[in-house]
Amino acid sequence: MTQPVSPPLDSSTDKVPPARPPAWRGLLIHADVRTLSLLGVLAVLIVIGGITKPDEFLDTRNLQLVLTQASVIGVVTVGMTFVIVSGGIDLSVGAIVALASVWATTVATQEYGFAGILFTAVVVGVGCGLVNGVLIAYGAMVPFIATLAMLASARGLSLQITDGRTQIVTVPSVLDLGERDAYVLGIPPLVMVFAVVTVIGWLVLNRTTFGRRTVAVGGNPEAARLAGIDVRRQRLYLYLLSGLCCGIAAFLLIVLAGSGQNTNGNLYELDAIAAAIIGGTLLTGGRGTITGSVLGVLIFTTITNIFALNNLQSDVQQIAKGAIIVAAVLVQRRTASTT
């Protein structure tokens with residue numbers, strides 16, 4: 001028997017299709033574009049500040065002040081980024097900062113010194129985050145409603161503790177952290193804490209299972225559940241993390257202001273959300289970067305500083321922030337449509 005002869009390969013139809021680049025490469029390119037865009041905006045702001053007020057804006061002390069002010073809201077933004085990436089929201093961060101700062105600066109707490117103030121601020125922040133997490137993860141409450149309730153409750157409790165008065169810090173070891181003598185190589189201690197929190201946040205989000213679970217929960221909670229992720233427990237951990245960041249930020253604010261007030265942290269929730277959005281974090285969840293959020297914080301803090309140096313009214317500043325947020329969301333939508 002003769003073996004059937006297979007037809008010759010047609011080189012025009014049997015070509016091996018070219019390999020498609022991995023999906024992560026496209027995401028990396030878009031991430032780099034967003035980061036470079038944010039760096040460009042920050043560079044433009046620095047140029048504007050240098051032109052309008054060269055002697056004041058470019059002064060070393062003013063730049064140190066900008067970084068110090070960015071540190072407090074920056075720590076809050078790191079926690080907020082995790083929450084938003086998971087598809088949630090936390091409207092109570094500013095109120096938690098206020099409550100932690102006034103609780104940590106009561107006369108009874110200050111008797112325990114530096115450790116007592118730091119411990120109280122962190123415990124209050126984590127405690128509030130625990131309440132948020134339990135209500136949202138296990139109470140099936142909408143994050144918007146649960147954190148809005150915490151916002152009102154924490155503000156009311158902080159007002160009750162202070163009775164509307166400012167609580168002055170009298171612990172020297174706490175106050176000394178805000179002095180120039182405590183700077184290391186010209187870097188304020190608060191900026192160092194912010195840098196450490198940022199690095200840890202970046203590593204956790206990008207290099208750990210916890211970070212991958214956070215992204216998975218934000219991208220598709222049902223798929224994450226079917227993949228074996230305990231979605232409720234993950235959400236609880238995320239709000240605990242947000243509360244921890246608020247407690248740390250409250251301590252930094254105590255060092256910066258030397259006091260505790262029930263008005264502390266006013267509108268921090270809006271600033272943190274805005275910084276995360278312009279940094280590339282999707283409000284729908286599933287994507288976000290710590291680097292972008294930090295650059296967003298620096299951009300907003302620089303805008304505030306430039307407006308203050310030029311004696312411009314705060315309403316114009318808010319309009320500028322709003323325009324930046326709208327532009328960032330439009331860029332996000334355009335980027336998403338091209339991926």
Side-chain angles (χ1 to χ4, degrees), residues 27 30-31 33-35 37-38 41 73-96 129 132-133 135-137 140-151 201-202 204-206 210-224 229 231 234-239 241-243 245-246 267-300 318-339:
L27 293 176
H30 285 295
V33 170
R34 286 194 299 268
T35 301
S37 300
L38 292 172
V41 172
I73 185 62
V75 172
V76 175
T77 303
V78 170
M80 180 69 79
T81 301
F82 276 88
V83 172
I84 297 179
V85 169
S86 72
I89 198 73
D90 192 347
L91 300 179
S92 63
V93 290
I96 294 175
N132 282 336
L135 291 176
I136 294 168
M141 289 188 66
V142 177
F144 183 91
I145 301 300
T147 57
L148 184 62
M150 175 58 72
L151 182 155
W202 186 91
V204 170
L205 184 60
N206 296 280
F210 183 87
R212 290 191 291 272
R213 289 175 177 173
T214 300
V215 175
V217 170
N220 191 326
E222 182 61 21
I229 298 176
V231 175
Q234 185 70 16
R235 285 174 173 163
L236 173 63
Y237 288 162
L238 289 166
Y239 282 95
L241 177 61
S242 179
C245 289
C246 290
L267 297 182
Y268 272 18
E269 56 278 355
L270 300 183
D271 288 341
I273 293 172
I277 290 174
I278 72 170
T281 301
L282 292 180
L283 273 176
T284 53
R287 192 184 76 190
T289 66
I290 298 296
T291 302
S293 296
V294 170
L295 289 175
V297 170
L298 293 176
I299 287 173
F300 279 140
Q318 298 301 325
I319 293 173
K321 285 185 177 182
I324 292 175
I325 294 172
V326 171
V329 172
L330 292 177
V331 170
Q332 280 188 3
R333 294 183 61 182
R334 181 177 179 85
T335 302
S337 64
T338 58
T339 55

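Values reported hereafter were calculated over all heavy atoms of this structure, with side chains retained and with hydrogens, waters and symmetry mates removed. What you see is a predicted model; the values in this text were computed from it and never measured.
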Problem - Counterpart residues, side-chain contact (heavy atoms from CB on, under 4.5 Å), relative to A224 (two or more places apart) - result: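 Partners of A224 under the side-chain contact (heavy atoms from CB on, under 4.5 Å) test: A216, V217, I229, V231.
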Problem - Those residues that, when tested against N220, pass side-chain contact (heavy atoms from CB on, under 4.5 Å) (two or more places apart) - result: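 Applying side-chain contact (heavy atoms from CB on, under 4.5 Å) to N220 gives E222, A223.
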Output the distance between atom [atom1] ([X]) and atom [atom2] ([Y]), rounded to the nearest 0.5 Å.
{"X": "T147", "Y": "I89", "atom1": "OG1", "atom2": "CD1", "answer": "7.5 Å"}
{"X": "I273", "Y": "L283", "atom1": "CD1", "atom2": "CG", "answer": "7.5 Å"}
{"X": "L38", "Y": "T291", "atom1": "CG", "atom2": "OG1", "answer": "10.0 Å"}
{"X": "T77", "Y": "D271", "atom1": "OG1", "atom2": "CG", "answer": "7.5 Å"}
{"X": "L148", "Y": "N132", "atom1": "CG", "atom2": "CG", "answer": "10.5 Å"}
{"X": "I96", "Y": "L151", "atom1": "CD1", "atom2": "CG", "answer": "9.0 Å"}

Give me the atom names and distance for the closest heavy-atom approach of [X] to [Y].
{"X": "A275", "Y": "F300", "value": "N-CE1, 3.7 Å"}
{"X": "S242", "Y": "D90", "value": "OG-OD2, 2.9 Å"}
{"X": "I84", "Y": "A276", "value": "CD1-CB, 4.1 Å"}
{"X": "V76", "Y": "A272", "value": "CG1-CB, 4.2 Å"}
{"X": "I136", "Y": "A146", "value": "CG1-CB, 3.6 Å"}

Problem - Close side-chain approach of R235 to P221, heavy-atom, < 4.5 Å - result: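 Result yes, sub-4.5 Å side-chain heavy-atom pair found.
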Exercise for the section: Give a yes or no answer on whether the side chain of T281 reaches the backbone of G288 with a donor-acceptor pair at less than 3.5 Å. Expected result: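 No; judged by distance alone, with no hydrogens or angles, the pair does not exist.
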Practice task
Test side chain to side chain contact (heavy atoms under 4.5 Å, CB included) on V78 and I290 and set out the steps.
Solution key: CA-CA 6 Å; V78 170; I290 298 296; 4.2 Å; yes
Practice task
Begin with the C-alpha distance, continue with both residues' side-chain angles, and end with the deciding distance and a verdict on side chain to side chain contact (heavy atoms under 4.5 Å, CB included) for F82 and F210.
Solution key: CA-CA 10 Å; F82 276 88; F210 183 87; 4.2 Å; yes
Exercise for the section: Please lay out, stage by stage, how T214 and S86 fare under the test side chain to side chain contact (heavy atoms under 4.5 Å, CB included). Expected result: CA-CA 5 Å; T214 300; S86 72; 4.0 Å; yes
Practice task
Can you sort out the partners of S293 under side-chain hydrogen bond (donor to acceptor under 3.5 Å, both in side chains), two or more places apart, ordered by chain and number?
Solution key: T81
